[in-house]
Asker: 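Submitted below is the structure of interest, expressed as structure tokens.
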Amino acid sequence: MTSKRFLTVGSFLRPADLLEYKEKIEHRDDITYPFYEDFQGYREAEEQAVKQIVQEQIEAGLPEITDGEFSRSLWHLDFFWGFEGVRRFIADHGYFFEDEAHSHATDYSFETRKDIGIEITAPLASKDHPFIAHYLRTRELAPADVEVKLTIPSPGHLYGELTGRPESFSNVYATPAELAEGMKVAYTQFFEQYAAVGGKTIQLDDCVWSLFAKDNPTGFHNKTDMSEEEIESIALDFINLNNAAIDAAHAVGLTVYTHNCRGNYASRNAMAGSYGEVAKFFLERQNYDRFYLEWDDSRAGGLEALKAFENKPETEVVLGFLSSKTSTLADEQNVLAQLEEATKYVDKDKLFLSHQCGFASCDCGNELSTEQQWAKISQGQELALAFWGE
């Protein structure tokens with residue numbers, strides 16, 4: 001059974017032969033994205049894997065599909081590596097996530113891969129960006145009546161990472177404000193190129209907003225000694241940058257989604273933070289056409305945060321009540337009850353169901369099998385059909 005009300009965030013578990021190449025990439029910083037010239041057979045392995053995952057999505061009846069994000073190692077950095085003026089290198093350490101999967105503890109000692117270093121060496125520009133070819137490959141594999149979306153990081157998220165390390169951009173951009181302007185130029189160029197080859201839908205993924213939540217113990221922009229005015233001033237830098245990107249995408253006819261989560265690496269999260277704490281920033285003031293929201297556990301807080309959409313009647317909301325991090329299926333009655341509660345705040349016709357995030361935001365993937373991944377997708381479709389009847 002299929003349902004147009006069940007959607008996927010974008011990433012899927014990679015096959016073993018593709019992961020062999022990804023693991024080689026992780027330990028090299030003398031190579032250039034998309035790395036096809038650096039590893040014999042890599043391009044062919046990726047193309048075969050993409051062909052298979054596209055076919056599997058079509059057979060599953062998904063109304064929107066992606067290339068499974070098989071063309072990247074990490075959900076966000078590969079896109080940035082594709083810009084002119086960016087150098088990738090192996091950093092002293094990776095990102096840090098919770099030590100044990102599903103623990104929701106505050107011990108964030110699990111270290112990710114280390115090829116996360118970025119240095120801006122010249123003004124940012126989008127010229128022959130590899131993601132354009134990746135989109136075209138997927139579009140050619142999909143039937144005309146199946147929507148193909150492309151997922152990329154929001155400029156706000158990358159801005160947040162870069163401004164945390166000023167040395168990453170200071171040789172080219174003297175201030176964060178100059179960096180933001182440079183990012184606007186590169187993103188606008190990319191959107192124009194994407195639209196020119198027939199792209200219709202772009203999804204800007206973003207993990208930055210929990211950093212503003214006062215109930216996030218690992219946040220950066222939520223310190224007790226910070227005034228509300230200080231927090232709002234910083235938040236506006238992110239809001240204005242993302243809205244500028246949305247405006248640029250809309251100007252060339254694109255529909256613009258966003259996805260928000262609190263990190264997803266090997267079934268682990270990177271932070272807490274409820275939507276109620278950031279609704280006035282992330283939900284109210286950003287002009288996306290559709291929001292994919294992570295709501296699979298207590299970290300997200302109560303659904304009353306959806307009140308932020310009361311003055312945005314045309315905005316679609318995808319509720320991530322299902323988990324891509326676990327190997328078990330969801331409690332169906334609980335999910336149906338949550339969906340019913342959500343209709344108190346958002347019109348039922350504007351709601352959709354999904355998992356809280358993709359199954360492999362980074363190439364290592366979450367701790368479940370491919371069979372369990374598709375079982376979860378099947379359950380999501382059945383739940384959506386039961387709730388919406390379509």
Side-chain angles (χ1 to χ4, degrees), residues 9-11 13-14 19 22-29 33 69 71-83 86-120 151-169 179 183 204-213 216-222 238 258-273 278 282 294 296-297 299 323-325 356-367:
V9 172
S11 66
L13 296 172
R14 275 65 155 178
L19 285 176
K22 300 296 189 186
E23 289 165 2
K24 293 176 182 177
I25 291 168
E26 177 181 351
H27 301 289
R28 298 269 303 274
D29 59 5
Y33 187 76
E69 301 186 4
S71 59
R72 64 191 86 175
S73 299
L74 299 120
W75 66 272
H76 60 321
L77 294 185
D78 299 61
F79 176 76
F80 209 59
W81 298 338
F83 282 148
V86 175
R87 182 178 77 89
R88 164 190 173 272
F89 64 92
I90 296 174
D92 293 335
H93 60 77
Y95 301 110
F96 289 97
F97 281 64
E98 63 176 346
D99 187 50
E100 296 183 15
H102 325 305
S103 67
H104 299 169
T106 55
D107 178 11
Y108 290 87
S109 58
F110 181 88
E111 187 177 0
T112 70
R113 57 193 295 157
K114 298 180 181 180
D115 57 329
I116 64 170
I118 285 181
E119 179 188 9
I120 296 179
T151 62
I152 66 173
S154 77
H157 182 97
L158 292 173
Y159 173 85
E161 288 203 22
L162 291 165
T163 53
R165 299 186 299 275
E167 67 276 10
S168 66
F169 64 86
L179 169 65
M183 294 182 73
L204 307 185
D205 296 336
D206 199 332
C207 292
V208 76
W209 290 101
S210 290
L211 299 176
F212 290 87
N216 175 17
T218 60
F220 299 152
H221 308 306
N222 59 358
F238 293 84
T258 189
H259 165 251
N260 170 256
C261 76
R262 298 159 185 81
N264 182 28
Y265 193 98
S267 289
R268 292 161 171 81
N269 71 71
M271 64 192 89
V278 298
F282 176 65
E294 178 185 65
D296 64 325
D297 60 38
R299 289 175 302 142
S323 178
S324 68
K325 292 181 177 179
Q356 97 295 343
C357 195
F359 291 93
S361 301
C362 299
D363 59 19
C364 62
N366 287 341
E367 296 178 349

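What's counted below: heavy atoms across the whole structure, side chains too, no hydrogens, waters or symmetry copies.
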Asker: How close do Arg165 and Ile116 get, counting heavy atoms only, and between which atoms?
Answerer: NH2-O, 4.4 Å
Asker: Residues in side chain to side chain donor-acceptor pair (under 3.5 Å) with Arg14, at least two apart?
Answerer: none
Asker: Taking the six-membered ring for Trp, is the centroid-to-centroid distance between Phe282 and Phe212 below 6.0 Å?
Answerer: no
Asker: Do the side chains of Ile120 and Leu179 get nearer than 4.5 Å, heavy atoms only?
Answerer: yes
Asker: Any chance you could measure Ser361, atom OG, to His259, atom NE2, to the nearest 0.5 Å?
Answerer: 7.0 Å
Asker: Rounded to the nearest 0.5 Å, how far apart are CG of Leu74 and CG of Asp115?
Answerer: 6.0 Å
Asker: Which distance, rounded to the nearest 0.5 Å, do you find between the CD of Glu294 and the CZ of Arg299?
Answerer: 4.5 Å
Asker: May I ask you to decide if the ring planes of Phe79 and Phe83 are parallel, tilted or perpendicular, using 30° and 60° as cut-offs?
Answerer: perpendicular
Asker: Show the nearest heavy-atom pair for residues Gly273 and Ala213, with the distance to one decimal.
Answerer: CA-CB, 3.6 Å
Asker: Going by the rule salt bridge (charged side-chain N to carboxylate O under 4.0 Å, His left out), which residues pair with Arg28 if we only count those two or more places apart in sequence or in a different chain?
Answerer: Asp30
Asker: Under the side chain to side chain donor-acceptor pair (under 3.5 Å) rule, collect the residues that match up with Ser154, sequence neighbours excluded.
Answerer: Asp206
Asker: I want to check something: taking the side chain as every heavy atom from C-beta on, are Ile152 and Asp205 in contact at a cut-off of under 4.5 Å?
Answerer: no
Asker: Holding to side chain to side chain contact (heavy atoms under 4.5 Å, CB included), I want the full list of residues that pass it with Lys24, two or more places apart in sequence or in another chain.
Answerer: Phe39
Asker: Looking at side-chain heavy atoms only, is the closest gap between Ile118 and Trp81 below 4.5 Å?
Answerer: yes
Asker: Do Arg88 and Asp29 have side chains that approach each other closer than 4.5 Å (heavy atoms only, starting at C-beta)?
Answerer: yes
Asker: If every non-hydrogen atom of Ser323 is compared with every non-hydrogen atom of Gln356, which pair is closest and at what distance?
Answerer: CA-OE1, 3.2 Å
Asker: Where do Phe238 and Val208 come nearest, in terms of heavy atoms and distance?
Answerer: CE2-CG2, 3.6 Å
Asker: Which atom pair, heavy atoms only, marks the closest approach of Ser71 to Tyr33?
Answerer: O-OH, 2.8 Å
Asker: With Ser73, which residues qualify under side chain to side chain contact (heavy atoms under 4.5 Å, CB included), at least two apart?
Answerer: Lys22, Ile25, Asp78, Arg113, Asp363
Asker: Please tell me if the side chains of Cys357 and Trp75 come closer than 4.5 Å, counting only heavy atoms from C-beta onward.
Answerer: no
Asker: Just by distance, do the side chain of Ser168 and the backbone of Glu119 share a donor-acceptor pair under 3.5 Å?
Answerer: no
Asker: Indicate the atoms forming the closest heavy-atom contact of Gly358 with Ser11, along with that distance.
Answerer: CA-OG, 3.2 Å
Asker: Of all residues at least two apart in sequence or in a different chain, which pass the side chain to side chain donor-acceptor pair (under 3.5 Å) check with Glu161?
Answerer: His76, Tyr95, His157
Asker: Go through the steps to decide whether Asp297 and Lys325 satisfy the test side chain to side chain contact (heavy atoms under 4.5 Å, CB included), and finish with yes or no.
Answerer: CA-CA 11 Å; Asp297 60 38; Lys325 292 181 177 179; 5.9 Å; no
